[in-house]
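Residue numbers begin at 1 in each chain, while the letters A, B, ... track the order of the sequences.
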Protein chains: 2
Amino acid sequence: MSNPPLSHNDSGSSDVDVLDALIRTAHYVKREFETRLSSMDIPAYLTGPRLRLLLAVSEAGQIRMSDLAAIMGIKAITVTQFVDALEKEHLLVRMPDPKDRRATLVKLTDAAPPLVEQARAAAKRVKEKLLEPLPPEMRSQLLDILSRLADFKNVCIFETKES
Amino acid sequence: MSNPPLSHNDSGSSDVDVLDALIRTAHYVKREFETRLSSMDIPAYLTGPRLRLLLAVSEAGQIRMSDLAAIMGIKAITVTQFVDALEKEHLLVRMPDPKDRRATLVKLTDAAPPLVEQARAAAKRVKEKLLEPLPPEMRSQLLDILSRLADFKNVCIFETKES
DNA sequence: TATTGTTATACTCTATAACTATA
DNA sequence: TATAGTTATAGAGTATAACAATA
């Protein structure tokens with residue numbers, strides 16, 4: 001066996017590994033989240049990102065696809081694909097925006113709300129389970145730390161609709 | 001000390017959103033990491049996961065593919081695909097394991113070390129940049145918190161550090 | 001029978017580029 | 001000219017299932 005040189009701990013190997021840990025943990029959490037969700041009545045096609053989009057639509061009532069792209073931090077084409085997938089499952093529908101004929105509004109179908117509610121509740125239970133090992137003060141510490149790493153101030157467009 | 005402007009305690013909306021924040025932040029960090037890395041001389045095919053595998057091989061010297069799967073927390077087939085990609089770029093090679101003829105050992109090619117070192121250094125610089133907004137004590141807090149969410153005790157087969 | 005790695009296949013997420021319709 | 005959304009295409013990451021060789 002070779003002895004690995006473990007002396008680069010001084011100038012920040014561990015400082016830097018925290019990012020790896022972040023990505024790895026997030027990946028683990030994401031997978032756990034989706035696995036547990038689909039083991040709970042929630043159909044497998046309702047993945048994390050799609051559910052997030054669906055919930056955004058649900059909160060907004062009606063929303064333009066370009067706004068969805070903005071609040072989710074993804075490209076328009078990706079929204080198109082999520083909407084395609086969810087429309088195929090009859091969870092949401094497209095409508096022309098009467099104010100701007102280039103734009104498309106998206107809203108839930110009449111059939112969607114029960115599943116959306118079920119998914120929201122299941123997601124919440126799963127998240128609570130995953131967060132269990134974390135005492136409350138660590139949760140807010142984590143939130144604080146994360147917000148310093150990346151500030152997602154653009155996420156809350158929901159309250160500001162006036163027009 | 002500022003009071004966190006959390007809307008409050010119960011029924012848990014904020015309790016639960018910290019997981020979303022985690023996933024979203026990790027996703028942001030990951031994308032930033034890869035974008036900045038490929039804007040630095042590092043070829044685009046050397047993505048985060050592939051680089052991680054390459055570094056694992058580099059540290060191990062020779063390593064079985066099944067061990068790579070174990071320490072990276074991915075399936076054997078995924079290792080196969082990473083190794084395929086990196087072998088195509090002449091960064092690593094497969095060798096039969098003389099101890100077990102079912103197994104395959106992987107090691108760096110002679111050509112790999114310069115690029116590996118360059119990539120390791122670039123990755124470190126990028127990570128330091130991304131971590132800049134985080135004071136040192138928050139970095140260790142974060143590491144602590146993450147380790148409670150998911151314990152990756154299996155990750156360090158490399159360092160036989162005393163404890 | 002169990003394990004190692006592979007082929008074949010598939011799906012999700014994400015994107016760029018080129019395009020249409022509209023503003 | 002610029003914006004909204006789409007088609008076509010691509011690539012990365014990940015996986016399951018079936019299989020061959022070996023243990």
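- Residue Gln81(A) places no side-chain atom within donor-acceptor reach of the base of dT12(C), judged by atom type and a 3.5 Å distance cut-off alone.
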Using a cut-off of under 3.5 Å, enumerate the N/O to N/O pairs linking the protein to nucleotides 20-23 of chain D.
from: dA23(D); atom 1: OP1; to: Arg101(B); atom 2: N; distance (Å): 2.8

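- Atom pair Glu32(B):CD and dT14(C):P shows a separation of 15 Å (rounding to whole Å applied).
- The side chain of Arg50(B) sits closest to dA12(D) out of dT16(C), dA15(D), dA12(D).
- Taking 4.0 angstrom as the limit, Arg31(B) places a side-chain polar atom (N or O) nearer than this to OP1 or OP2 of dA15(C).
- At whole-Å resolution of the value, CG in Asp67(A) and C1' in dA4(D) are 11 Å apart.
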Enumerate donor-acceptor pairs with a distance under 3.5 Å from any side-chain N or O in residues 75-85 of chain B to protein atoms, sequence neighbours excluded.
from: Thr80(B); atom 1: OG1; to: Ala76(B); atom 2: O; distance (Å): 3.2
from: Asp84(B); atom 1: OD1; to: Arg94(B); atom 2: NH2; distance (Å): 2.2

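- As rounded to whole Å, 17 Å separates atom P of dG13(D) from atom CD of Glu34(A).
- In terms of position on DNA chain D, the residue among Ala44(B) and Ile77(A) whose nearest nucleotide sits closer to the 5' end is Ile77(A).
- Here the side chain of Ile74(A) is nearest to one of dG13(D), dT7(C), dT14(C), namely dT14(C).
- Here the P atom of nucleotide dT4(C) and the CE atom of Met65(B) are 12 Å apart, to the nearest Å.
- Atom CG in Leu53(B) sits about 14 Å away from atom C1' in dA12(D), given to the nearest Å.
- Lys107(A) pairs by the salt bridge (charged side-chain N to carboxylate O under 4.0 Å, His left out) definition with nothing, not counting sequence neighbours.
- Taking every side-chain heavy atom of Phe82(B) into account, dG13(D) is the closest of dT14(C), dG13(D), dG5(D).
- To the nearest 0.5 Å, atom NE2 of residue His90(B) and atom CG of residue Leu108(B) are 14.5 Å apart.
- Taking a cutoff of 4.0 Å between a charged side-chain nitrogen and a carboxylate oxygen, Glu128(A) and Arg125(A) do not qualify as a salt bridge.
- Nearest nucleotide to the side chain of Arg94(A), out of dC13(C), dG5(C), dT6(D): dT6(D).
- Base engagement by Thr80(B) is indicated by at least one non-hydrogen atom pair under 4.0 Å involving a base atom.
- Comparing Arg52(A) and Thr104(B) along DNA chain C, the residue whose closest nucleotide (by nearest heavy atom) sits nearer the 5' end is Thr104(B).
- Thr25(B) places no side-chain N or O within 3.5 Å of a backbone atom of Leu22(B) that could act as its donor or acceptor partner.
- Thr47(A) has no side-chain polar atom (N or O) that falls below the 4.0 Å cut-off from OP1 or OP2 of dT12(C).
- A single hydrophobic cluster is seen to contain both Ile63(A) and Ile74(A), as judged by linkage of ILVMFWY side chains at heavy-atom distances under 4.5 Å, directly or through other members.
- The nearest whole Å value for the distance from the NZ atom in Lys75(A) to the P atom in dT7(D) is 20 Å.
- Within the structure, every side-chain polar atom (N or O) of Arg64(A) is placed at least 4.0 Å from both OP1 and OP2 of dT3(D).
- Side-chain atoms of Arg101(A) never come within 3.5 Å of backbone atoms of Pro96(A) as a donor-acceptor pair (strictly under, hydrogens ignored).
- The nearest whole Å value for the distance from the CG atom in Asp97(B) to the C1' atom in dT3(C) is 13 Å.
- At a threshold of 4.0 angstrom between heavy atoms, the contacts of Ser66(B) are confined to the sugar-phosphate backbone, with no base atom among them.
- Rounded to an integer number of Å, the gap from CG of Asp84(B) to C1' of dG11(D) is 15 Å.
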- Lys127(A)/Asp20(B) under salt bridge (charged side-chain N to carboxylate O under 4.0 Å, His left out): CA gap, chis, key distance, verdict: CA-CA 9 Å; Lys127(A) 286 173 182 178; Asp20(B) 287 333; 3.0 Å; yes
